[in-house]
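Lettering of chains follows the sequences in order, A, B, ..., and the numbering in each one begins at 1.
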Amino acid sequence: MLQLKVIREEKKRILNGLRKRNWNAAQLKVIDQILKTDDQRKACQKELDDTLAESNRLSKEIGQLMAQGKKDQAEQQRAQVLAMKESIKTLEDRQRTLATELDNLLLSVPNCPHSSVPKGKTPDDNKVYKAWTKPFPELPEDALAHWDLAKKYNLFDLELGVKLTGAGFPVYRGQGARLQRALIQFFLDEAVKAGYEEIIPPHLVNEDSARGTGQLPDKEGQMYHCTVDNLYLIPTAEVPVTNIVRDDIIPEKNLPIKMTAYTPCFRREAGAWGAHVRGLNRVHQFDKVEIVHIEHPDRSYKAHQDMLRHVSRLMAKLELPYRILLLCGGDMGFASAKTFDFEVWSAAQKRWLEVSSVSNFETFQSNRLKSRFRDAEGKIQLTHTLNGSALALARIVAALLENNQTPEGIRIPKALWKYTGFKMIK
RNA sequence: GGAGGGGUGCCAGAGUGGUUGAAUGGAGCGGUCUUGAAAACCGCCGUACUCGUAAGGGUACCGGGGGUUCGAAUCCCUCCCCCUCCGCCA
């Protein structure tokens with residue numbers, strides 16, 4: 001969530017940013033409401049603190065009076081403090097109500113887009129940041145979509161997944177399973193080479209963690225919830241990995257913290273079914289290697305570019321046609337200040353598929369996480385957090401299978417040979 | 001799952017109802033001394049909110065929440081976590 005201090009001091013910038021997210025005048029009123037509520041909260045807090053200070057002072061004196069044997073006076077002050085209790089309780093209740101109200105208001109405001117983020121309402125307004133200029137793979141007329149290729153070569157089985165679990169839980173097998181494992185290994189190795197620390201986090205997180213990265217309270221319905229233990233299946237490794245620095249004050253010299261993790265990702269995605277979500281295009285469980293940065297605010301946009309380069313390199317090594325989009329204000333995620341999407345060309349479906357989203361959240365997440373660092377002057381500041389997929393497997397597999405199909409079988413890009421142990425799927 | 005013990009500041013570790021935001025030691029930072037270093041000595045060394053131009057002040061926080069009391073790190077309830085023993089088990 002946005003910092004109150006920033007809303008107060010840079011109100012104009014925030015309002016302009018929210019307009020980029022297509023907020024209308026009525027919606028923008030929330031900002032003034034936040035400031036007003038905060039004023040009320042402060043006034044109430046002050047009154048409470050003053051009352052408590054008085055009550056504390058009197059109570060302390062009672063101890064001294066007792067020690068001096070002045071019993072009557074002690075008794076008199078005791079009555080005095082007792083009388084204050086009711087107003088303290090009233091003030092506390094009011095203070096709590098205002099604080100909750102303020103918190104809810106703050107929670108409803110998305111991150112302020114970076115100045116370089118274009119205006120726009122829908123995905124059509126996203127800017128092509130880096131286009132694919134080379135030719136697309138030429139496929140014969142009878143080229144198969146990946147779900148048909150999967151049947152032909154026995155690579156994964158969605159119907160079997162239905163039997164075991166339900167729709168959207170693919171069962172990978174044979175060379176399909178091996179390819180899956182090869183990609184994970186490849187992505188992790190590349191990330192480690194690029195200086196990321198490898199993490200194997202828990203695949204279930206508690207409420208605090210889900211709140212830390214902003215899945216709660218908003219996107220509750222998108223996560224699988226184990227109610228008996230009140231734990232959530234992670235929708236992305238971002239959740240456990242970013243929460244590693246929750247409530248921490250990091251020495252400046254330890255920044256940046258770069259971490260990578262492979263995890264399965266679980267998404268309920270209720271009600272999002274349609275013709276374009278066949279096969280691996282949208283599933284409830286998929287594998288992903290995530291990269292996460294905890295950065296100094298001065299360097300976060302440079303890091304953002306570094307992440308872009310890292311993902312580009314992966315795409316190039318996999319020999320996949322891709323493009324990079326700079327998301328417009330209307331299409332950006334709630335918590336993000338700036339997001340680039342990577343899309344891979346799926347030659348048989350003749351569609352772009354989103355395979356990575358690389359975002360800078362600035363202090364939006366750290367504010368909630370309380371992820372801070374101590375700067376050179378010893379002052380405590382919020383860190384910037386960033387993350388990106390590097391990469392999401394299911395759709396990469398879809399594109400890989402479709403683009404590389406030949407009459408002899410499916411060609412495996414050279415970079416994967418040492419991981420798959422085979423050069424062709426037959 | 002059963003029985004017992006415990007959760008205090010960066011770490012170790014006192015504190016069991018009053019002037020304790022918290023003894024003491026260590027680490028860290030600054031200084032004196034020294035050719036330099038070490039040792040010794042002196043000082044500083046929590047977070048959040050808030051009032052104030054500042055100096056400085058106020059409030060909250062000793063695992064989380066609630067309660068008793070004029071007053072709680074200290075007493076009570078409850079939840080969480082850790083350790084030891086037993087049971088079960090990949």
Side-chain angles (χ1 to χ4, degrees), chain A residues 1-9 34-107 200-212 216 225-232 240 243-255 257 363 365-383:
Chain A
M1 68 187 151
L2 288 173
Q3 296 173 82
L4 207 42
K5 196 179 72 188
V6 172
I7 296 178
R8 200 171 279 284
E9 287 166 9
I34 285 172
L35 294 177
K36 204 182 102 199
T37 309
D38 186 44
D39 287 340
Q40 291 173 344
R41 198 206 97 243
K42 272 193 206 167
C44 181
Q45 182 78 60
K46 180 88 181 83
E47 206 181 334
L48 211 210
D49 285 355
D50 288 348
T51 314
L52 281 173
E54 177 66 3
S55 139
N56 285 346
R57 190 180 62 79
L58 290 171
S59 290
K60 261 181 200 169
E61 280 177 18
I62 292 173
Q64 291 167 347
L65 291 168
M66 303 263 269
Q68 293 162 18
K70 298 179 182 166
K71 263 199 157 164
D72 292 353
Q73 209 177 330
E75 200 52 44
Q76 194 188 329
Q77 292 211 4
R78 212 161 79 104
Q80 210 177 332
V81 179
L82 199 55
M84 295 173 74
K85 280 193 117 178
E86 198 167 324
S87 63
I88 287 175
K89 194 158 171 24
T90 311
L91 283 166
E92 273 174 348
D93 287 347
R94 188 169 146 68
Q95 145 73 22
R96 204 176 331 216
T97 310
L98 284 167
T100 310
E101 200 179 310
L102 182 62
D103 211 42
N104 288 337
L105 287 171
L106 280 170
L107 247 27
I200 301 181
H203 297 169
L204 288 153
V205 292
N206 60 27
E207 235 180 291
D208 285 344
S209 295
R211 196 169 305 116
L216 293 180
H225 186 194
C226 307
T227 49
V228 182
D229 299 291
N230 197 216
L231 297 173
Y232 295 86
N243 270 282
I244 287 175
V245 296
R246 169 154 51 87
D247 294 327
D248 279 355
I249 298 173
I250 302 156
E252 188 173 7
K253 64 173 169 31
N254 290 5
L255 295 178
I257 296 173
T363 59
Q365 282 187 329
S366 7
N367 189 213
R368 196 104 73 96
L369 286 163
K370 295 201 176 57
S371 155
R372 296 154 295 173
F373 72 99
R374 200 179 292 278
D375 67 20
E377 283 107 66
K379 265 180 53 188
I380 288 166
Q381 291 189 48
L382 292 173
T383 61

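Using modelled atom types and a 3.5 Å distance limit, the side chains of A/Asp103 and A/Thr100 yield no donor-acceptor pair.
Residues A/Arg246 and A/Ser209 are in side-chain contact: their nearest non-hydrogen atoms beyond the backbone lie under 4.5 Å apart. When side chains are defined from C-beta on, A/Asn243 does not count as touching A/Val205, because their heavy atoms never get closer than 4.5 Å. Residues A/His225 and A/Asn230 have side chains in contact (heavy-atom distance under 4.5 Å, counting atoms from C-beta outward). Under the 4.5 Å side-chain criterion, counting only non-hydrogen atoms from C-beta, A/Arg368 is in contact with A/Leu107.
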Quiz item: How does protein reach along nucleotides 50-70 of chain B, written 5' to 3' as B (base within reach of a heavy atom under 4.0 Å), S (only sugar-phosphate), or - (no contact)?
Solution: SS------BSS-----S---B

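Regarding A/Ile250, its CD1 atom lies at a distance of 15 Å from the C1' atom of B/C10, rounded to whole Å. Taking atom CG on A/Asp248 and atom P on B/A48, their separation rounds to 13 Å, with Å as the unit. If you measure from atom CG of A/Leu65 to atom C1' of B/U19, you get 12 Å, rounded to the nearest angstrom. Put simply, CD1 on A/Ile88 is 8 Å from P on B/G71, counting in whole angstrom units. Whole-Å rounding puts the A/Glu207 CD to B/C81 P distance at 14 Å. Look at CG on A/Asn206: it is 12 Å from C1' on B/C81, rounded to the nearest Å. B/C29 atom P lies 16 Å from atom CD of A/Glu252, rounded to whole Å. A/Asp229 has its CG atom 14 Å from the C1' atom of B/C79, to the nearest Å.
With RNA chain B read from its 5' end, the first of the two nearest nucleotides for A/Ile249 and A/Glu61 is the one closest to A/Glu61.
Nucleotide B/C85 forms a Watson-Crick or G-U wobble pair with B/G2, both donor-acceptor distances falling under 3.5 Å. Both distances falling under 3.5 Å, in either a Watson-Crick or a G-U wobble arrangement, place B/C61 opposite B/G46. Applying the Watson-Crick and G-U wobble criteria (two distances, each under 3.5 Å), B/C41 pairs with B/G31.
Nucleotides B/C10 and B/G63 have their P atoms positioned 13 Å apart, rounded to a whole Å. Here, B/C51 and B/A12 have their P atoms 37 Å apart, quoted to the whole Å. Nucleotides B/G31 and B/A39 are separated by 16 Å at their C1' atoms, to the nearest Å. Separation of the P atoms belonging to B/C83 and B/U68 is 35 Å when rounded to the nearest angstrom. Rounded to whole Å, the C1' atom of B/A22 lies 8 Å from the corresponding atom of B/G15. Remark: the separation of the P atoms in B/C81 and B/A90 is 23 Å, to the nearest Å. Comparing B/C33 with B/G43, their C1' atoms sit 15 Å apart, to the nearest whole Å. The gap from the C1' atom of B/G6 to that of B/A73 amounts to 15 Å, rounded to the nearest Å.
Atoms OG and CD, on A/Ser59 and A/Gln64 in that order, are 11.5 Å from each other to the nearest 0.5 Å.
Here A/Asp208 pairs with A/Arg211 in a salt bridge; the nearest charged N to carboxylate O distance falls below 4.0 Å. Ion pair A/Asp39/A/Arg8 flagged as a salt bridge, since at least one NZ, NE, NH1 or NH2 atom sits closer than 4.0 Å to an Asp/Glu carboxylate oxygen.
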Table of protein N/O atoms under 3.5 Å from nucleotides 15-17 of chain B N/O atoms:
none

Donor-acceptor contacts, no H, no angles, side chain residues 79-95 of chain A, under 3.5 Å, sequence neighbours left out:
residue: A/Ser87; atom: OG; partner: A/Met84; partner atom: O; Å: 3.0
residue: A/Thr90; atom: OG1; partner: A/Glu86; partner atom: O; Å: 2.9
residue: A/Gln95; atom: NE2; partner: A/Gln45; partner atom: OE1; Å: 3.1

Exercise. Tell me, with the steps shown, if A/Lys5 and A/Asp38 meet salt bridge (charged side-chain N to carboxylate O under 4.0 Å, His left out).
Key: CA-CA 10 Å; A/Lys5 196 179 72 188; A/Asp38 186 44; over 6 Å; no

